[in-house]
Amino acid sequence: MEEVPGKTDRESHGVICGTKRPVLLFIFLPAMERRCVSLLIMCGIVGYIGYRKAADVLLDGLYRLEYRGYDSAGVAIRDLREIQIEKEVGKVAELDNLLKSRNFEGTQGIGHTRWATHGGVTAVNAHPHCDSQSNVALVHNGIIENYLEIKEDLEKEGVTFNTQTDTEVVAQLLAKIYQGDAVSSLIRLSGFLEGSYALVILVREIEDKIYCIRKGSPLVLGKGKKESFCASDVPALLPYTKDFIYLNDGEIAELSQDNIQIWDSSGQVLTRSSFHVDWDVSMSDKDGYPHFMLKEINEQSRVIRDSLLERLQDDSVDLSAELKWSHEDIHKWKKIHIVACGTSYYAALIAERLFENVTECDIRVDVASEYRYRKLKSGPDTLAIFVSQSGETADTLAAERKARTSGACCLAVTNVPNSTLAREVDHVLLLKAGPEVGVAATKTFTGQLCVLYLLALYLGRVCETLSKNKENRLVQELRILPFKVDSILEDHLLIRELAEKYANARNFLFLGRGNSFPVALEGALKLKEISYLHAEAYAAGEMKHGPIALLDPEVPVVVVIPRDELYDKVLSNIQEARARSAPIIAVATSGDQYIGTNAEDIMWIPVTEQEMNPFLAVIPLQLFAYYVARYRGCDIDQPRNLAKSVTVE
Ligand code: F6R
């Protein structure tokens, strides 16, 4: 057996079982040649073993996971000894149609809905994949970075491949390694694989079990009476169980009708208790709305109300039940880092302004993909806050690991209890948004903002850097925000008309200042991600430094201009845009007498404290994006090229 330079580190992690090297002969090509062709995949997977028709459970789960991937789908179902595989290009509905004609009776199986940015979207490339003898069938979420190396070595040993996927390589490799004991075979398999994976596996000769293994990609296990489940995310299983176990990196699970057994990466049996989720199954249904996004936009007043529950005492914020911090802990933090991606990052940028007003800490907000590679000075004097709806975003997790290593106190603000982020950090503040299914984040943005505001107010109070008067004023305003949010939602038909008027524009500029600047960023992001229109957002004062060159009568400018201390400045920026004949769409505060003569169209928001404007100003922008996308006939809940959880870098 040839020793392979550079590979011994994987062995030293103990993932290759026993005293012998794996049976395959590996000759490695230079890493660079191989990496450049790796696939970028985020998918939904589900597995079932029990007494129901597996096809029904799998399809139901796949529909609920479709937000994770929707270019092809497939299932493998065990009927007696045989494993039957069916796959179809397109959405889960296409697979559903196909399965109607098959009428599978089997009560165990695995399913997959795929999302790929590279690599052919074909039925052959869809999952499940199996080895040449159909001894194992598996579904995979993640990327196997060294799959070409493994493939070449397997080809040298005579294995032929049917697909271009990294996943078939895993199936072929596992079949080669397998010698009768699934758990030790999976431990050996993980020794070969570089990258991220959640794998759910049927082994032909093990008739009453399903196996799972994960590294880097999420996988949740669910237990019912005489049935067991697994899936990429909790909402897939809500109709069947509310009790879940998260599989940790490196762990292996064996699912049978009566039991779930878990091993760590060295083969030690683990005891794990389950956690209960109080999400209702209707939360993951459309509830009569045409799209999840619209339903979720309309849930935002409820999200604010729920976020405040048990976190307020009279007119003060009290998070001591959730955050077991001593005064000493809190007083030692001189720096606050807030790290997130996408919409979560914009929520963080808004909150940054409140943190800097009510605490004396040095605040830094960064996108996780940058933070993780920067040479920042964090340490025990740092509170590092990671904001992530899913709690599974790869960059955010990497940033959190970096901060944790530096000795910073790490706090997660997440919607998903027991997500990887929630499990890794020192402290957690949960959003009370319920599952968010639309790919475009809406209600979780509001939930994040709410929780971050509560945290800022709490720290300000404990550190005595926030006056009692200001705290009371802001808390009272938080309490009445839900009514104000609802009043904007009631005006949705006006926003719908505006959307129709502007749906044919090709380019938009979004402007705002102060805490309205991140709102402009979020408004532009919503528009581009679901309507595929070009939308750029700028701090309004920056317009004259470049973007003003873009303006002409064909470029609508959406200006977030609530009544606040920067109002006059933004009004001047509007004049600059009007001088270039750009149509102005303003998001303005009711009662504003000047805006009517300065804007073609206005989306009104109620009067509020200036700190609270973002909660209100974002709502018309979400609705505007939603209706523009609808007029343009876009796939709103599942926009092209996007997936809900970005579990790869
Ligand atoms: C946009 C959107 C994304 C996410 C981003 C971070 O509508 O949903 O920009 O905000 O991918 O995701 P989480 O919050 O799950 O870390």
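In this text the structure is predicted, and so the values were computed from the model without any measurement. Remember, it's 1-based here, ligands and their atoms both numbered in the order they're listed.
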Do any nitrogen or oxygen atoms of Ala441 come within less than 3.5 Å of a nitrogen or oxygen of ligand 1? yes

Ligand 1 atoms nearer than 4.0 angstrom to some heavy atom of Cys341 are 5 (C), 6 (C), 10 (O)

Restricting to ring pair (Phe, Tyr, Trp, His ring centres under 6.0 Å), what partner residues turn up for Tyr627, sequence neighbours left out? none

Does a side-chain N-to-carboxylate-O contact under 4.0 Å join Arg404 and Glu400? yes

With a cutoff of 4.0 Å, is Val439 in contact with ligand 1, counting heavy atoms of the residue only? yes

Under 4.0 Å from a heavy atom of Glu529: give me the atoms of ligand 1 that qualify, with their elements. 1 (C), 7 (O)

Show the atoms of ligand 1 that are less than 4.0 angstrom away from any heavy atom in Ser344. 10 (O), 13 (P), 14 (O)

Apply ring pair (Phe, Tyr, Trp, His ring centres under 6.0 Å) to Tyr453 and list each qualifying residue two or more places apart in sequence or on a separate chain. Phe615

In terms of atom number and element, which parts of ligand 1 are under 4.0 angstrom from non-hydrogen atoms of Lys526? 1 (C), 7 (O)

Are side-chain heavy atoms of Val425 and Leu411 found at a separation under 4.5 Å? no

Classify the side-chain pair Lys526/Thr343 by whether it contains a donor and acceptor separated by less than 3.5 Å. yes

Answer yes or no: is there a donor N or O on one side and an acceptor on the other, between the side chain of Lys215 and the main chain of Gly195, under 3.5 Å? yes

Does Glu392 approach ligand 1 within less than 4.0 angstrom via side chain, backbone, both or neither, non-hydrogen atoms only? neither

Is there at least one pair of N or O atoms, one from Thr343 and one from ligand 1, spaced under 3.5 Å apart? yes

With atoms numbered from 1 as shown, which atoms in ligand 1 lie under 4.0 angstrom from a non-hydrogen atom of Ala440? 7 (O)

Which atoms from ligand 1 have a heavy atom of Ser388 less than 4.0 Å away? 13 (P), 14 (O), 15 (O), 16 (O)

Can any side-chain N or O of Thr414 pair as donor or acceptor with the backbone N or O of Gln389 at less than 3.5 Å? yes

